[in-house]
Amino acid sequence: MKAVASIEGRAIPYGAKNVDTDIIIPAHWLKTITREGLAQGAFESVRAEPDNVFDQPENIGAPILIAGDNFGCGSSREHAAWALLDMGVRAVIAPSFSDIFSSNAFKNGILAVELPQEQVDRLMEVAREQPITVDLDSQTVTNPFQDRFTFAIDPFRKHCLLEGLDEIGMTLARDAAISNYETSRVAALPWLDNPRENSL
């Protein structure tokens, strides 16, 4: 998982509320077994509309998405997080998120930032013309107009995102401790060293 520290750039001023995972990535895209290429189907129904915000040239590849309340509701498909990553999105700002989406986003290295609606509205306004910076270390969202909004995040999730640690990475980081435990376990219980021989 790629580490998240500071994300700066254009933010897509989407703003829609109650966006479920079927809008983020429709069900007929779930047949794939790879995470690549899902950007093509991301927000497919929205992008079918002319002059939609996602296909405006300045927003293509934008690393930040600004959404409305209850973003990521609906089914638990992890493909929604994969599709956002494939679009280039590394942070989503919204007043609230579905718990399952928030968990999937975290596990895939996407920072879900919760801010009050009035602050989200201000960022929507700014994002139409100016870049936004999301800094995980200081837990702030800033813009060129000197707005500075702070957000809360679980300390464990913050640590994992800053270090780029997914579940596999966290296990590998404990490799020495796991090896030491296995060595001491065999020393204390030598008959476990070769369970097949002991079963004969």
Side-chain angles (χ1 to χ4, degrees), residues 1-12 14 19 21 24-25 30 32-39 42 59-67 70-73 75-116 119-120 123 126-127 131-144 147-185:
M1 184 172 82
K2 187 177 178 181
V4 178
S6 181
I7 304 162
E8 181 178 5
R10 293 303 297 253
I12 303 169
Y14 181 37
V19 173
T21 51
I24 299 172
I25 187 71
L30 306 188
T32 180
I33 57 173
T34 177
R35 301 181 185 199
E36 299 175 358
L38 289 173
N59 292 332
I60 295 174
I64 303 167
L65 173 66
I66 305 175
N70 196 29
F71 185 79
C73 56
S75 72
S76 61
R77 66 190 68 168
E78 192 171 4
H79 293 68
W82 297 353
L84 290 170
L85 278 178
D86 203 42
M87 289 175 63
V89 173
R90 298 305 310 279
V92 181
I93 301 171
S96 68
F97 296 89
S98 153
D99 287 342
I100 295 176
F101 172 82
S102 180
S103 177
N104 285 336
F106 157 65
K107 290 178 181 179
N108 285 278
I110 298 174
L111 176 57
V113 176
E114 288 192 16
L115 291 175
Q119 295 179 4
V120 171
L123 292 172
V126 171
I132 287 171
T133 300
V134 179
D135 187 86
L136 177 55
D137 192 42
S138 64
Q139 296 177 214
T140 58
V141 180
T142 57
N143 61 49
D147 293 309
R148 182 182 178 88
F149 305 133
T150 60
F151 60 90
I153 185 170
D154 175 78
F156 172 74
R157 288 190 173 187
K158 179 178 180 177
H159 168 74
C160 291
L161 289 169
L162 285 171
E163 299 297 325
L165 295 173
D166 56 14
E167 292 169 335
I168 294 172
M170 284 185 281
T171 302
L172 292 175
R174 303 285 296 171
D175 182 58
I178 293 169
S179 296
N180 289 340
Y181 169 77
E182 291 298 330
T183 300
S184 63
R185 183 170 179 263

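Here the structure is a predicted model, which is why all the values come from computation and not from measurement.
A donor-acceptor pair under 3.5 Å links the side-chain atoms of Arg90 to the main chain of Gly109, judged by distance alone. Distance alone, capped at 3.5 Å, places no donor-acceptor pair between the Asp86 side chain and the Glu36 backbone. When atom types are taken as modelled, the side chain of Lys158 and the backbone of Asp137 share a donor-acceptor pair closer than 3.5 angstrom. The main-chain N or O of Ile12 is never found under 3.5 Å from a side-chain atom of Asn59 such that the two would form a donor-acceptor pair.
Side-chain atoms of Met1 and Lys107, non-hydrogen and from C-beta on, never get closer than 4.5 Å to each other. In this structure, the side chains of Thr142 and Asp147 stay at 4.5 Å or more apart for every pair of heavy atoms. In this structure, Ile110 and Val92 have side chains that are in contact, with non-hydrogen atoms separated by less than 4.5 Å. Contact of the Ile24 side chain with the Trp82 side chain is not registered, since no non-hydrogen atoms from C-beta on lie closer than 4.5 Å. Here the side chains of Pro116 and Pro95 are not in contact, with every heavy-atom distance at 4.5 Å or above. Counting heavy atoms from C-beta on, the side chains of Ile132 and Ile66 come closer than 4.5 Å. Considering only heavy atoms from C-beta on, Val89 stays 4.5 Å or farther from Ile64 through its side chain. At least one side-chain heavy atom of Ser103 sits under 4.5 Å from a side-chain heavy atom of Arg157.
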Task: Test side-chain contact (heavy atoms from CB on, under 4.5 Å) applied to Arg77 and Ile25, step by step - done: CA-CA 9 Å; Arg77 66 190 68 168; Ile25 187 71; 3.9 Å; yes

TODO: Report the C-alpha distance between Phe106 and Phe101 in whole Å, list the side-chain angles of each, state the deciding distance to 0.1 Å, and finish with yes or no for side-chain contact (heavy atoms from CB on, under 4.5 Å).
DONE: CA-CA 8 Å; Phe106 157 65; Phe101 172 82; over 6 Å; no

Open item on the list: Pair Leu115, Leu123 - check side-chain contact (heavy atoms from CB on, under 4.5 Å), show working.
Closed with: CA-CA 10 Å; Leu115 291 175; Leu123 292 172; 3.7 Å; yes

TODO: Run the numbers on Leu111 and Phe151 for side-chain contact (heavy atoms from CB on, under 4.5 Å), then give the verdict.
DONE: CA-CA 11 Å; Leu111 176 57; Phe151 60 90; 4.2 Å; yes

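Between Ala11 and Ala127, the shortest heavy-atom contact is O-CB, 3.4 Å. The two residues Ile7 and Ala91 have their closest heavy-atom pair at CD1-CB, 3.6 Å. Of all heavy-atom pairs between Gln139 and Ala152, the closest is NE2-CA, 3.8 Å. The two residues Pro63 and Gly9 make their nearest non-hydrogen contact at CG-CA, 4.1 Å.
Leu136 contributes atom CG, which lies 9.0 Å from atom OG of Ser6 (distance to the nearest 0.5 angstrom). One distance of note links CZ of Phe156 with CG of Leu161; it measures 9.5 Å at 0.5 Å rounding. Once rounded to the nearest 0.5 Å, the distance linking CG of Asp99 with OG of Ser76 reads 12.5 Å. The CD1 atom of Ile60 sits 12.0 Å away from the CZ atom of Arg10 when rounded to the nearest 0.5 Å.
Between the side chains of Arg35 and Asn108, at least one donor N or O lies within less than 3.5 Å of an accepting N or O. Counting only N and O atoms by type, the side chains of Asp135 and Ser138 include a donor and acceptor under 3.5 Å apart. Side chains of Thr133 and Arg148: no donor on one and acceptor on the other come within 3.5 Å. The closest side-chain donor-acceptor pair between Thr21 and Ser75 falls under 3.5 angstrom.
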